[in-house]
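Fair warning: this is a prediction, and the values are worked out from it, not measured in the lab. Sequence lines set the chain letters: A, B, ... in the order given, protein chains first and strands last, and positions in each chain run from 1.
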Amino acid sequence: MSNYNFGLTTFDQSGKLTQLDNSLKAVSNGDTSLGIRAKNGVVIITEKKPHSPLVDVEDWDKVYKISTSIGCVYSGIGADARLLVRRARKQAEVYKRGYNESIGTNICAKKLGGIAQDFTQSGGVRPFGVSLLIAGYDKQRGCQLYQVDPTGAWWCWKASAIGKNQSNAKQFLEKRYNDDMELEDAISVALLTVKEGFDGDVTNKNIQVGVVREDKKSGKYQFDVLTPEELQDYLDTIN
Amino acid sequence: SRNAQYDRHITIFSPEGKLYQIEYSFKAIRLPGDTTIGVRGRDTVCLITTKKVPDKLVDPSSVTRMYRITPQIGCCVTGRLPDARALIYKSRQIAAEFQFDNGYQIPVRHLANEVANYNQLFTQHAYKRVPGVSLLYCAVDDEVGPRLYMVDPAGSCYGYHAVSTGTKEQEGMSTLEKMMKEKREEQDEEEKKKSDGDDKDKKGGKTKKVNKLDLNEKETVEFAIEALQKVLGVDFKSNQVEVAVCTENNAKFRSLTMKEIDEYLTNISEKD
């Protein structure tokens with residue numbers, strides 16, 4: 001099928017992998033996303049900026065569920081993100097079948113990092129143009145937030161931002177974050193951070209929020225995408 | 001490094017983080033000179049596109065860019081026609097396998113996303129170039145109603161209330177935005193007249209401001225035809241366009257006959 005038996009991401013004389021630098025640039029050209037880990041949950045938010053007012057924004061999902069207790073948002077090339085999410089969902093299911101246990105957030109991040117790294121070294125492919133913020137819960141480590149980069153590197157964050165406004169957002173988060181945050185506080189801080197760097201008014205239609213939280217009925221932690229109504233309630237609180 | 005010269009030839013990143021091949025493929029869509037417009041109404045989706053018969057000896061009935069993926073889902077392609085045919089084949093394959101595996105018709109949203117994911121592969125692998133086609137999928141879904149999706153060479157897929165693609169894509173989008181705004185203002189005026197100043201259900205007039213176009217079948221098709229007329233700047237005849245619809249009453253994707261198109265064109269000219 002492919003005659004490209006050589007890698008496209010190769011070292012230059014100064015030891016840099018230019019394609020990786022360029023792919024990180026593609027990520028910082030993307031719409032901002034951010035996440036905050038609280039004591040009892042995780043919140044991840046992404047901007048939904050359509051390229052035209054004719055786009056049906058309500059039909060557009062940018063927050064993805066990977067397993068019952070893990071979800072993610074992205075910054076960068078949406079099409080690449082969809083591919084990674086698809087692989088993540090498969091990995092989560094394969095893990096469950098093999099170990100009879102839900103995949104841990106850190107393992108999920110590790111596997112995604114491995115997939116991303118593949119594309120930085122294999123023949124005839126370019127790296128992914130997207131970074132993911134993965135929020136999840138597992139029994140061993142509780143609520144966690146991970147970032148996966150096109151380079152294949154992954155980190156665990158207390159709070160982080162990716163995309164266009166990442167440096168300003170991270171500064172804002174550093175000031176407002178504390179280790180004792182509850183999920184409700186975290187959601188408010190996250191919304192305020194998005195509001196800071198947002199071009200125009202934040203509504204429940206031009207952002208999307210995912211949370212890892214304890215379900216009141218079952219007592220289990222799960223990942224949910226906030227409905228527009230729930231989101232509006234949170235927005236009303238901070239206004 | 002060596003790769004710096006290749007970022008325009010294959011889909012690897014440029015120093016600005018761009019993929020030049022994808023940007024070039026958008027230009028390839030504009031090259032043949034066709035423009036397509038899709039409009040979604042209350043219970044109808046309408047696709048309209050220009051039709052240019054290349055030679056007098058060509059059988060005009062064989063010239064078409066409207067394809068049926070399933071009896072309910074239709075697709076209009078714009079751009080490089082050979083690439084388009086390959087993607088139509090792939091769409092039909094995806095739809096048929098879904099039907100076989102799951103026992104029911106593929107929802108148009110899922111189909112559009114699967115085709116977009118297929119396009120994404122070519123943006124990441126060097127051995128195949130990106131197809132120079134944009135596809136407009138339409139259907140009246142039995143769960144969510146009329147839907148319109150556009151898939152482009154970058155692997156993006158968005159749902160639209162109205163969209164244009166092809167040579168006059170930008171003019172089309174701005175015309176459609178303008179027409180939608182005017183239509184909504186028209187509809188708001190009519191609502192105000194009906195309720196006659198009754199403010200109880202209005203909450204400042206902001207309750208029902210949805211982005212949708214509340215048009216029936218006839219109005220949707222007229223909207224689409226008028227939009228194309230404005231964009232092209234000429235009055236066209238029924239043999240210079242193709243129009244296709246899916247409606248709630250008749251969920252099958254069907255092309256309008258020249259006679260039906262003529263009726264619409266006459267109605268529109270009589271309105272002015």
Mind ranking B:A162, B:A126, B:A116 by heavy-atom pairs under 4.5 Å with chain A and telling me who comes out on top?
B:A126
Taking CG in A:N239 as the centre, count heavy atoms belonging to other residues, nucleotides or ligands within less than 6.0 Å. Is the count above 12?
yes
Intermediate values then yes/no, side-chain contact (heavy atoms from CB on, under 4.5 Å), B:Q124 and A:F119:
CA-CA 9 Å; B:Q124 203 166 16; A:F119 282 78; 3.4 Å; yes
Can you tell me if A:K170 has over 12 outside heavy atoms packed within less than 6.0 Å of its NZ?
yes
Counting heavy-atom pairs under 4.5 Å to chain A, which of B:V144, B:L19, B:T123 comes out on top?
B:T123
Within 6.0 angstrom of A:D236 CG, more than 12 heavy atoms from elsewhere
yes
Honestly, the part of B:I10 sitting under 4.5 Å from a heavy atom of chain A is side chain
Checking the side chain of B:R109 only, and the main-chain atoms of A:D59 only, is there a donor and an acceptor separated by less than 3.5 Å?
yes
Decide if atom CD of B:E143 counts as having more than 12 heavy atoms of other residues, nucleotides or ligands within a radius under 6.0 Å.
no
Looking at B:E16, I want to see if its CD is surrounded by more than 12 non-hydrogen atoms of other residues, nucleotides or ligands under 6.0 Å.
yes
Tell me the closest heavy-atom pair linking A:G129 and B:F13, and the distance in Å.
CA-CZ, 3.5 Å
Taking side chain as everything from C-beta outward and backbone as N, CA, C, O, which of these in A:I77 sits under 4.5 Å from a heavy atom of chain B? Side chain, backbone, both or neither.
side chain
Looking only at heavy atoms, the pair that brings B:M180 and A:L54 closest together is SD-CD2, 3.1 Å
Determine whether more than 12 heavy atoms belonging to other residues, nucleotides or ligands lie under 6.0 Å from atom NZ of A:K164.
yes
So for B:A154, is it side chain, backbone, both, or neither that comes closer than 4.5 Å to the heavy atoms of chain A?
backbone
So, using salt bridge (Lys or Arg N to Asp or Glu O under 4.0 Å) as the criterion, who are the partners of B:R30 when residues are at least two apart?
B:E169
Reported OG-to-NE2 distance for the pair A:S52 and B:H161, which is rounded to 0.5 angstrom
10.0 Å
Is there a side-chain contact (heavy atoms from CB on, under 4.5 Å) between B:I12 and A:N22? Walk through the geometry before answering.
CA-CA 9 Å; B:I12 56 174; A:N22 297 348; over 6 Å; no
The complete set of ring pair (Phe, Tyr, Trp, His ring centres under 6.0 Å) pairs with one or both residues in residues 60-96 of chain A, sequence neighbours excluded, reads A:W60-B:Y158, A:Y95-A:Y99
Is it true that atom CG of B:N102 has more than 12 heavy atoms of other residues, nucleotides or ligands lying nearer than 6.0 Å?
yes
If only atom types and distance count, is the side chain of A:R82 paired as donor or acceptor with the main-chain N or O of B:Q120 below 3.5 Å?
no
When the 4.5 angstrom heavy-atom criterion is applied to B:S14 and chain A, the contacting part is backbone
Verify the neighbour count for atom CD of B:Q170: are there more than 12 heavy atoms of other residues, nucleotides or ligands below 6.0 Å?
no
Given side-chain contact (heavy atoms from CB on, under 4.5 Å), test A:V55 with B:Y160 step by step and report yes or no.
CA-CA 4 Å; A:V55 172; B:Y160 287 87; 3.4 Å; yes
On a heavy-atom basis, which atom in B:G155 and which in A:A79 lie closest, and how many Å separate them?
O-CB, 3.4 Å
